[in-house]
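Contents: one structure, followed by commentary.
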Amino acid sequence: MKFDVQALDKKWQQYWKENKTYATADDTSRPKFYVLDMFPYPSGSGLHVGHPLGYIGSDIVARYKRQQGFNVLHPMGFDSFGLPAEQYAIDTGVHPSESTAINTARYREQMDTLGLSFDWDRSVNTSDPNYFKWTQWIIGQVFEHWYDRDAGLARPVSDLVAHLETHGTRQLQAAQTEGLDVSAEEFAAMDEKQRSDLLMNYRLAFRSVSYVNWCEALGTVLANDEVKDGRSERGNHPVEQRPMLQWSLRITAYAERLLAGLDTVDYSEGLKAQQINWIGKSTGALVHFDIEGHQEQLDIFTTRPDTIFGATFMVIAPELELVDRLTTLEQRKEIDDYLAYVGRRSELDRMSENKVTGAFTGAYALNPLNGARVPIYIAEYVLKDYGTGAIMAVPSDDDRDKRFADKFGIEVIDVVDKRDYPGATLKDKVGKLFNSDFLNGMDVPEAIAAATDRIEALGRGERQVNFRIRDLVFSRQRYWGEPWPIIYDADDVPRLVPEDQLPVTLPEMEDFRAVSGASPLERAEQWVNTPDGRRETDTMPATAGSNWYYLRYMDPHDDEAFVSKESVDYWQDVDLYVGGAEHAVSHILYSRLVHKFLFDIGKVPTREPYKKLLNQGMIGGPISYVHLGILLTDDGQRHPIWIGSDVAEGTPLAVAGIGTGYLVLDESTGTRLTPLRFVTETSVNNETSFRLYHSSVEEAQKLEHQDAAYFRTILQQAGAFAWETDKEGRPYLELSVEQGKMSKRKYNAVNPDDICARYGADCFRMYEMFLGPIDQAKPWSVSGIDGVYRFLRRFWGLYVGTGDQLSVSEEAGSREELKILHTLIKKVSVDIEKLSFNTCVSAFMVATNELLKLHCNKREVLEPAVRLIAPFAPHLAEELHRALGGEGSVHHAAWPAVEEEYLVEDNFTYPIAFNGKTRLTLDFPADATKAEVEQGARAHTQVQGYLEGKHIRKVIVVPGRMVNFVIG
RNA sequence: GCCGCUAUGGCGGAAUUGGUAGACGCGCUGGAUUCAAAAUCCAGUUCCAUUGGAGUGUGGGUUCGAUUCCCACUGGCGGUACCA
């Protein structure tokens, strides 16, 4: 038998596939363990070395649990609906289903190459009609339910109708789009359409006109998490806010439960914090202000009702309809001008320049506590979406209000005395109230309660909890997604497609382009027009399929339900979920939402989908390309500079030898930045800088290249750079290398296949684990993989002699050898549980080195070692296991048990410290008493040398730990 | 700004949760083997000083003893941002 990694990989991968070694049994007698990886979107570029990090980690856990006798569910599937495949189709004419099938096959092949133990018979694919039938079914259920705040759960819409028939909206505590007041009589008088519209106000999947993120370039609306810095996450296109009629999911109904549930799950603090942030709960009060000369009131939300006596003006969001009604004749022009200005400002403008702007409406509100007359302004710093879209402004205790008051010359009334809290900022909730009537002398927290009590007593408001989270916009004007299972009848009443008619599949189309907000599906006339009415033409976002997929794996071929009751009762939830932190907010939050909904309607037995979540760290690649940017210096000069890829325009920079300024558009090329991609050839592993030679710039210019035009500009401007000369006299620039996320776009992706082909899958797996803690970000570097390869060869060498013959002896292992084995068993078992895979690998190395030193070849020691390494190096372990005569696959062989007796030490080596500094070590029997150790240590000649001429103040002896002499 | 994570040799990282800092691996140095190279094996490798000292981003503190706990900073990474 030879150490031929390529042959071993091939042999055993083939065997596992043919024998379905990793098939999950429907054996409910054994305890279950569910290890799940976030399924990938199968992009055209395949896996890079960053992907497998999590897959390998979860695979190790799956194999370990399997060997421990758990019935392990470890599936993999594909999130195959989504924008990129559609965009690719538009660009190339290849149908998304075709490109998806090709990419999926490639991913599967790459995963098999890594020796991952997935049960492929349970694989799911979100664009498969047999799968999305159930995505549509679930959304249909969401549509058929409303949220009862009294009961704290989702209830069928039929219950709501019953309530409306008897009580109208009275006593209805429902999550709703807007507060409505309808009596039972009025409800009874409504026709179908009116009722449908009314119910829409309460459905958990509902249609409404609201401001949404519209992306012109993609021709679709986007969810908040698909927008980064005012641009689309996919494609980096500008996004604007537009009022549109869209489907949404009422996630706000679940905000409180999504928050509370975080206490019951094992997620990292960082991840919990992100979710908490996103949900954004804040407790305060809703206060009604009268408006002078108007019937209606101005409602505001504040977390600081205590500062109400310092409210010297009100601000409302420019978008509110109220603005128009409040504006006086004299102020009309000013307000109209301001509204026009706001209309021109994009999200991007707002973010990049944070200016103080606003306009006075001419109207006045009346302070409900002291009747003070306060002017009402509009300003863009007040957001229409948060709270009521209006605030009482207290310039004495809020930075933004202060800036506004300063600019518009508005009075400031100090109401909180913060002299006792030096360093406290305006917003900190500390200090004593003054200038505040009945609140005077109170501390802020007390005053908040007192002010709220008074406001409630006067009927001028009530306590309120506000959330930052917005309802989830759930329709897309795209082709490649699940069609909404809705048909509008002749009266335009939306009706759910009955279950027996699901799935609603996509029509075949030639051209998927969305035209000005109209879904491409609208052009599929035959498909749209059904005997029952017109089909909804919007599709669902990619998250629709991914937020419940973990349930489908439990019962992937069920035709009767998305998951059978028996299956979900057995598998319950995911024990360990592994995936990238980039999905920390959206994906996890949305699947928690859907899970809670399914819990409410009795379809799942657990309240949370994922017990424990592990975010693997990103493996960065060196971004070995640079950009040309233009630095506009403070003196108005423009200088070309080299910058990293992540520097955005407008960034202030200080460049040595040039000066300070900020980055501007490269007008000569009309692009934002100019990428230089040709430097990738340079090996930049482990370097912090690399040399860009002038000659390579010239060469690149000659290439047939999409960026060729840019290179000319670069050469023209190259003179501005500080070229240095190397030993051979060639001019070069010293450029820094930055680490960044691997992606095809950045030309820094490393393909795992190449590494597996060269070193074998086992080596690749162990090397990725050896890189460091799995949850930490780290740069990819191939240096060091040789060390792991050498280790595997040495490990192999324990079993197989120089003549490629098995050289294992049946002789009993020595106590020393068995100690090495059992130390290893303990270390690896504990560390896998801790998900500390890097230390497992080094434990294997240590044990191997020690056993080699002892020339150990005893079966008693080596046979269990094979079972230990099996989760890490499955191919090599399987080969050795069979060679040793093992029955069946090593991956079903029992995990070795620790025998503590071998770990007991006769002696303990005590560190002997003087004033805390360790100077020497001494051996004493492990069971020596404190006094014995102290006596023995004092008697030692070397110790006496240290003690000579010194006064011993104290001796600390901790048995089994250390000895410390405190001397002076 | 706010939130979270993080900082240890030339590099990736380890340290039983307050008890021998630098495990393991890379790299480097020297040696063996070889005609030679690769591969392999052996020894060394935190820094400074020929004995001894210093040392886990910085400054303080608690302790017999601190990489670990507390306080105040600084840098890096990630998230988020007129959220009232």
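Note that the structure is a prediction, hence the values are computed from the model and not measured. Values reported hereafter were calculated over all heavy atoms of this structure, with side chains retained and with hydrogens, waters and symmetry mates removed.
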Ring-plane angle category for Phe313(A) and Phe404(A), please: parallel below 30°, perpendicular beyond 60°, tilted otherwise.
parallel
Pairwise P distance for rA81(B) and rA23(B), with rounding to whole Å:
44 Å
Approximate separation, where rounding is to 0.5 Å, of Arg592(A) CZ and Gln275(A) CD:
5.0 Å
Could you check whether Arg953(A) gets within reach of a base, just the sugar-phosphate, or nothing at all, counting any heavy atom under 4.0 Å?
nothing
When the ring planes of His822(A) and Tyr902(A) are compared, do they come out parallel, tilted or perpendicular, using 30° and 60° as the limits?
parallel
When you match Gln274(A) and Asn849(A) each to their closest nucleotide on RNA chain B, which lands nearer the 5' end?
Asn849(A)
Between rG27(B) and rC77(B), how far apart are the two P atoms, rounded to whole Å?
28 Å
Could you work out the separation of rC28(B) and rC11(B) based on their C1' atoms and round it to a whole Å?
11 Å
Using the P atom as the point on both nucleotides, what is the distance between rG65(B) and rU74(B), in whole Å?
29 Å
Does atom CZ of Arg758(A) have more than 12 heavy-atom neighbours, drawn from other residues, nucleotides or ligands, at distances under 6.0 Å?
no
Specify whether Phe795(A) and Phe791(A) have parallel, tilted or perpendicular ring planes, treating 30° as the upper limit for parallel and 60° as the lower limit for perpendicular.
tilted
Donor on one side chain, acceptor on other, Asp471(A) and Thr252(A), under 3.5 Å
yes
Quick one: on RNA chain B, does Asp385(A) or Trp278(A) contact a more 5' nucleotide (nearest heavy atom)?
Trp278(A)
Name the stems that RNA chain B belongs to, where each is three or more consecutive Watson-Crick or G-U pairs with both distances under 3.5 Å?
B:1-7 with B:74-80, B:10-12 with B:24-26, B:27-32 with B:40-45, B:46-48 with B:52-54, B:57-61 with B:69-73
So if I take every side-chain heavy atom of Ser842(A) and compare against rU20(B), rC24(B), rG53(B), which nucleotide ends up nearest?
rC24(B)
